[in-house]
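Taking it in order: structure first as structure tokens, then the write-up.
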Amino acid sequence: MKHFLDIHKTDKPDLRRIIDSAHAMKSGRNGRPKATPDDAQPLAGHMVALIFEKPSTRTRVSFDVGVRQMGGQSMVLSGKDMQLGHGETIADTARVLSRYVDLIMIRTFDEAVLEEMAEYASVPVINGLTDRSHPCQIMADVMTFEEHRGPIAGKKVVWTGDGNNVCSSFLHAAGQFGFDLTFTGPVQLDPEMEFVGWARNAGSTITIERDPMKAVEGADLVVADTWVSMHDAQSARERRHNMLRPFQVNKRLMDAAKPDALFMHCLPAHREEEVTSEVMDGPNSVIWDEAENRLHAQKAIMRWCLGV
Ligand code: CP
Ligand code: NVA
């Protein structure tokens with residue numbers, strides 16, 4: 001069974017194959033209208049369930065559109081409207097859904113829910129974000145970087161702010177795609193040391209630098225994410241903002257990186273908090289390509305999972 005649960009749990013050649021396939025499918029569409037099917041219809045006869053236990057705009061729409069472009073059918077399910085949210089076990093849900101659908105994508109809180117779904121489903125399961133990782137996003141980010149700047153191997157990526165779920169997937173990608181990552185943020189919000197260690201063992205240079213101006217020196221890519229994630233307590237908002245304010249990505253910080261450094265943000269962004277509008281809408285920002293590439297990268301991930 002080919003589940004797509006995390007970047008560090010997927011073989012390197014498979015990750016590369018997925019990125020190549022995403023590029024090929026994107027160029028194959030050649031800007032045609034979004035509702036027009038792809039020439040190849042690899043998901044014809046396939047039914048996909050998209051389960052959301054947290055809000056989503058990009059993941060929800062890009063998966064749904066991607067399935068349709070490839071000739072499949074999809075249904076978007078809200079966790080709270082399912083029996084899953086009312087006491088039915090994850091294992092039983094997985095067994096039942098496997099009798100109806102060919103592929104399950106789930107966005108959830110605890111990583112254990114994703115793992116249990118994968119253990120008991122007899123169809124592939126895709127991680128659409130957990131409290132601990134967001135692998136589909138980073139596959140799109142790698143695709144986007146390479147589209148603009150060529151191979152990401154050997155490049156310097158700087159993560160600013162909270163060492164959260166998206167940062168964890170960047171660490172996994174650093175190890176698998178061979179780039180270096182510098183984290184700059186407050187000590188209280190350091191990335192998971194387990195993943196820092198994993199990326200270092202995989203051969204990447206992972207640096208923690210408290211001074212954001214020093215951190216971005218020589219950076220090829222600067223990345224920001226929200227200061228308060230969906231799994232964070234709203235009561236921690238003010239405390240987190242106070243800690244994170246010095247790590248805002250603004251023009252002064254971007255000017256300290258390489259002149260052609262790209263800026264990425266998985267979105268949704270909070271303008272003038274983790275990033276200024278000047279940077280988001282500026283010449284180095286590739287955030288809209290990044291959002292579009294969710295569609296292409298996830299189409300490639302679904303094909304890989306289904307072997308079609
Ligand atoms: N970046 C991302 O996953 O966005 P959504 O929360 O809108 O899906
Ligand atoms: N870190 C953010 C990413 C949103 C796509 C969150 O988990 O809310």
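Atoms considered below: every heavy atom in the structure, side chains included; atoms not considered: hydrogens, waters and symmetry mates. One-based numbering, in listed order, for ligands and for the atoms of each. Just so you know, residue 1 is the first one in the sequence shown, and it goes up from there.
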Is the W159 ring parallel, tilted or perpendicular to the F170 ring (thresholds 30°, 60°)?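 Geometry flag for F170 against W159: tilted rings.
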For a quick check under 3.5 Å, do [X] and [Y] share a side-chain donor-acceptor pair by atom type?
X: R107; Y: T59; value: yes
X: D162; Y: S229; value: no
X: R132; Y: S168; value: no
X: H296; Y: E292; value: yes
X: E146; Y: H23; value: no

Heavy-atom proximity to atom 8 (O) of ligand 1, best of A140, S56, S62:
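The nearest heavy atom belongs to S56.
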query: Of R60, R107, R58, M230, which has the heavy atom at the shortest distance from atom 6 (O) of ligand 1?
result: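 Going through R60, R107, R58, M230 one by one, R107 has the nearest heavy atom to atom 6 (O) of ligand 1.
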inquiry  = Does ligand 2 come near enough to R107 that some N or O of the ligand is less than 3.5 Å from an N or O of the residue?
reply    =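 Checking ligand 2 against R107, no N or O pair falls under 3.5 Å apart.
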- Message: With side chain to side chain contact (heavy atoms under 4.5 Å, CB included) as the criterion, how do E209 and E217 come out once you've worked through the C-alpha distance, each side chain's angles and the decisive distance to 0.1 Å?
- Response: CA-CA 11 Å; E209 169 56 63; E217 275 171 21; over 6 Å; no
Indicate, as side chain, backbone, both or neither, the part of R294 found under 4.0 angstrom from ligand 1 when only non-hydrogen atoms are considered.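 Side chain only.
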What residue and heavy atom of the protein are closest to [atom], and at what distance?
atom: atom 3 (O) of ligand 1; answer: H134 NE2, 2.8 Å
atom: atom 2 (C) of ligand 2; answer: S229 OG, 3.4 Å
atom: atom 7 (O) of ligand 2; answer: N165 ND2, 2.8 Å
atom: atom 8 (O) of ligand 2; answer: M230 N, 2.8 Å

Does ligand 2 have any atom that is closer than 4.0 Å to a heavy atom of L267?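 Yes.
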Determine, using heavy atoms of L267 and all atoms of ligand 1, whether some pair is separated by less than 4.0 Å.
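Yes; L267 lies near enough to ligand 1 that a heavy-atom distance drops under 4.0 Å.
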Check your understanding: With a cut-off of 4.0 Å, which atoms of ligand 1 are near a heavy atom of C266?
Key ->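 Counting from 1, the qualifying ligand atoms are 1 (N).
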Check: What atoms of ligand 1 come within less than 4.0 Å of a heavy atom belonging to T57?
Finding: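 Within the 4.0 Å cut-off of T57, ligand 1 contributes 5 (P), 7 (O), 8 (O).
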Do T36 side-chain atoms and P33 backbone N/O form a donor-acceptor pair below 3.5 Å?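 The answer is yes, because a donor-acceptor pair under 3.5 Å joins these two groups.
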Spell out, as yes or no, whether a donor-acceptor pair under 3.5 Å connects the side chain of R68 to the backbone of A35.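 No; zero donor-acceptor contacts below 3.5 Å.
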Subject >> Nitrogen or oxygen atoms of P268 and ligand 1 under 3.5 Å apart >> reply: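 P268 vs ligand 1: no N/O contact under 3.5 Å.
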